[in-house]
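Here is the structure we will look at, set down as structure tokens.
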Amino acid sequence: MERPPPCPKRPFLPPAIRSLTTRSALAHGRRDDGARQRREFDVGEWRQLLLNPPVGPSLRRGRRRRGSEAWYFSARRKPRRKRASGQCIIARCSSSPSPSLFSATVAIRTLTTTLNPPSRSPKTLFEIPNLSPRRSSFSNSIKRSYFERKIASSSAFFFFPILGYEFHMNSGKLLRIAAHEANNSTEASLREAFLLIQNQLKPPFPLTIPSPSEYSQLNRAIAFGVLTEPHLTKTHLTHLHAIVVDGYELFTSILVKLCNESFPKLLDSPKSQLLHVCSSLVNVSAIKIESLLISLLRQINGGDFTESNLWLSSELLKMLSDNWHWLLEEPLVLTSALFVYLRLLSDHYRLAGSVKLEELKRMEIDFCVKVLRQCFHLCLQIGRDLVRLLQDLVYISEFKDLWKDLLFDPKKLGVAEYSDLSDLYRIRTPTHYFLLRIPPEMESQLRFLLTYVRWGNQRRYQAWFAKKHLCRPGSETAISDIVRFICCAHHPSNEIIQSNVISRWAVIGWLLKCCRRNHFEANVKLALFYDWLFFDDRVDSIMNIEPAMLLMVNSVPKYVDIAHMLLEFLFLLVDNYDVDRRVLLARGVTASCHLLVRKGVVHSMEPLTSCDLLSPMLREKLRSFLPGSELSDKNKIQEEVSVASEGKRLVQC
Amino acid sequence: MGRASRSPFPVPLHKVLPSPSAPSTEDYALRFLSSMAKMVHLKDIVPAATNSVNTQFIVLEKGSITQDGKEMTCLALVADETASVHFQMWGSECEAFEPGDILRLSNGIFSFHKNSLVLRAGKKGNAEKVGEFTMLFVETPNMSEIRWARDPRNPKKFVQEAVLSPHSRIFAPSQ
């Protein structure tokens, strides 16, 4: 984490000035021996130096204008005062020959810090970093910058005005706001609170008990402070711990809101601060901290192997591993993290990369195996999608061993409820898990598409979506997560189903076509049919299996190849997905077809079974799964057909 | 650079000097409300010589960037739930806005520019991005593809005379 650079005891002058010092020293016939020589400057020389700065980028980029005057003085020349140097400067300023210049909010900084900011580029200091509109904080900012940075003890002060603006070390920015982009309201509200009570955010903290509105303002101000001032993290967190009366609920919800709305836009430093704050909130078991962690887990983009995304996954994983005991008491966070990292691992494992990536893979494997081995009873909550995720990892030796135990030695896992893989198959995965692999922004776009966009208008939205989320190399892998989300987590109401809004099956058909590689396409088809294989109408929702059926039936007229491909894949799955439990899978598919016809999602399977364009073998096979072939008795079917004709697509959510 | 009369301050002092306090939430709310009050739908815009259009729309498509004198310009098709129109971007706007962006235009102007009827921010107006993706739109009618005539009762005003094309003739419709 970024810390403020230690202030050098003796101010260091940049080479250009030093050489000037040398030259001047030579002109005075003296030997150059460092800082002491600097006292030899006379007013004219310094004036010259400041008006025509010899240092290239840093000073020239400043707001110097011809005609402006520069003041300076050296602390050593003046008798030392015991007063705070900030006040001392103000006093001097007001008695300066041209008070008007100083009456403006002029920023005074030491030459040292301006010319030689050790770790920041000079640019950041000059680029309107923080335009504080508050004059009263002027002297404070000076005092603070002196005392905290301990420049007061340095041997020479050189001050000069930078016209117009007042600078803080606090860059005051949370988000990356591009040109022509509106300000973010959340950021604005946090910043407003911060600017208003900035003075109260440093010790000594008042002992008064804040009113509810003050409390909320204080929380927002501290949130802004802690995210934008990495060098004051400790102060702000101490303050937070001192004032908190609601178990950190308000503070955490501020962070959750910020994270959900604008995490991708957060600048790097606030991002790492956010993670740091999150881990300290874990330490105090803040209320709602699990929402914050889950929100952060969602921010790891699937199929994005950029540095920042890998950094996020590794930092979060470190935090989770460091807080293992806390994690054991939060089953939802534990299983969510497992779900996320199993999914990420299947992508990361295929990548060969840097040392960092190898380290991340190792950490992911260790974490997942530890969770699965030690808390398998909690992992059962994830349900059948756990198997789907694990099957991608079978090539990793640790997981190979786990698979052996899952299949042949279930007792080794030490959970009474688990005796066979079919126990896991029977558990329907809760909706919550499907959201984990969909970042909030993608979720809102998908939900918008499936709630408002009418048939015929979808082309542009699809192009925008693909451009934003699917154009990166490797991002196809996210399509299977999106399909899982659409099938299992986005269930439109009956009004929307009956309206002219684009259907889920059409979006899935489009996503299927976005896959360029067979491997990803197979995963997408598996995601689409996964609930068919284990369908049981007592626990499962018809909405999970509806899109696949409608996609097949509706693509017969125009895109028969899609129907063909899907049917072929379904039968392939039944025969090969789990050879030992073939009966279970066949029963699942039969139950699915049965229910879909019974509930009137499709009136019959006629379009598929009588379609000449499908191969006779497929049609024959399909008939074997249809109601009436082997499982159902005829009376029951007739009853169901009448039900189907009555209620149109009466679907349960 | 360096005119003799230039003040030492790069910005006039009254602009630099802080306002008494930072804008409060009420200020933001007021600003928001006052900007909302005048918001119009694209179907209601009428060519005029003044900057007075406050509206919000989504960028559907961008043309190629061309050089117009010193500045870059770029024609775009934008739309809201009621109509579409050609929007002309200027200078840095051309690179800042992409298809799928939701823009809020304040004090924009809808007028003829080199014989074509376009909506633009103009010198006094401002367009900024407020979101992405989540906005509905229609491509018909296109307000730039309407012939306007002077209102016989009030020659200062324009009224719709004829529809030249139901949709943009520059950007093909999506269906």
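Keep in mind that the numbers below use all heavy atoms, side chains included, and drop hydrogens, waters and symmetry copies. Numbered from 1 within each chain, the chains take letters A, B, ... in sequence-line order.
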Start with the C-alpha gap between Leu136(B) and Tyr461(A), add the side-chain angles, then the distance that decides, and say whether side chain to side chain contact (heavy atoms under 4.5 Å, CB included) holds.
CA-CA 10 Å; Leu136(B) 291 175; Tyr461(A) 291 101; 3.9 Å; yes
Is it the backbone or the side chain of Glu441(A) that comes under 4.5 Å from a heavy atom of chain B, or both, or neither?
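For Glu441(A), the side chain is the part near chain B, not the backbone.
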For Leu103(B), is it the side chain, the backbone, both, or neither that has a heavy atom closer than 4.5 Å to a heavy atom of chain A?
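Neither part; nothing is under 4.5 Å.
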Contacts of residues 83-100 of chain B with chain A (heavy atom under 4.5 Å):
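The residues closer than 4.5 Å to chain A, in numerical order, are Ser92(B), Glu93(B), Ala96(B), Phe97(B), Glu98(B), Pro99(B), Gly100(B).
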Can you list the residues of residues 145-152 of chain B that sit under 4.5 Å from chain A, counting heavy atoms only?
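Answer by number: none.
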Restricting to pairs with a member in residues 64-79 of chain B, which pass salt bridge (Lys or Arg N to Asp or Glu O under 4.0 Å), not counting sequence neighbours?
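Salt bridge (Lys or Arg N to Asp or Glu O under 4.0 Å) check on residues 64-79 of chain B returns Asp68(B)-Lys114(B).
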Show the nearest heavy-atom pair for residues Leu60(B) and Arg460(A), with the distance to one decimal.
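Scanning both residues, the minimum pair turns out to be O-NH1, 3.5 Å.
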Distance-minimising heavy-atom pair for Trp464(A) and Ile58(B):
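Heavy-atom minimum between the residues: CZ3-CD1, 3.6 Å.
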Distance-only donor-acceptor pairs under 3.5 Å for side chains of residues 124-133 of chain B, two or more places apart:
unit_1: Lys129(B); atom_1: NZ; unit_2: Glu132(B); atom_2: OE2; d: 2.9
unit_1: Glu132(B); atom_1: OE1; unit_2: Lys468(A); atom_2: NZ; d: 3.1

Should we say atom OH of Tyr452(A) is surrounded by more than 12 heavy atoms from elsewhere, each under 6.0 Å from it?
no
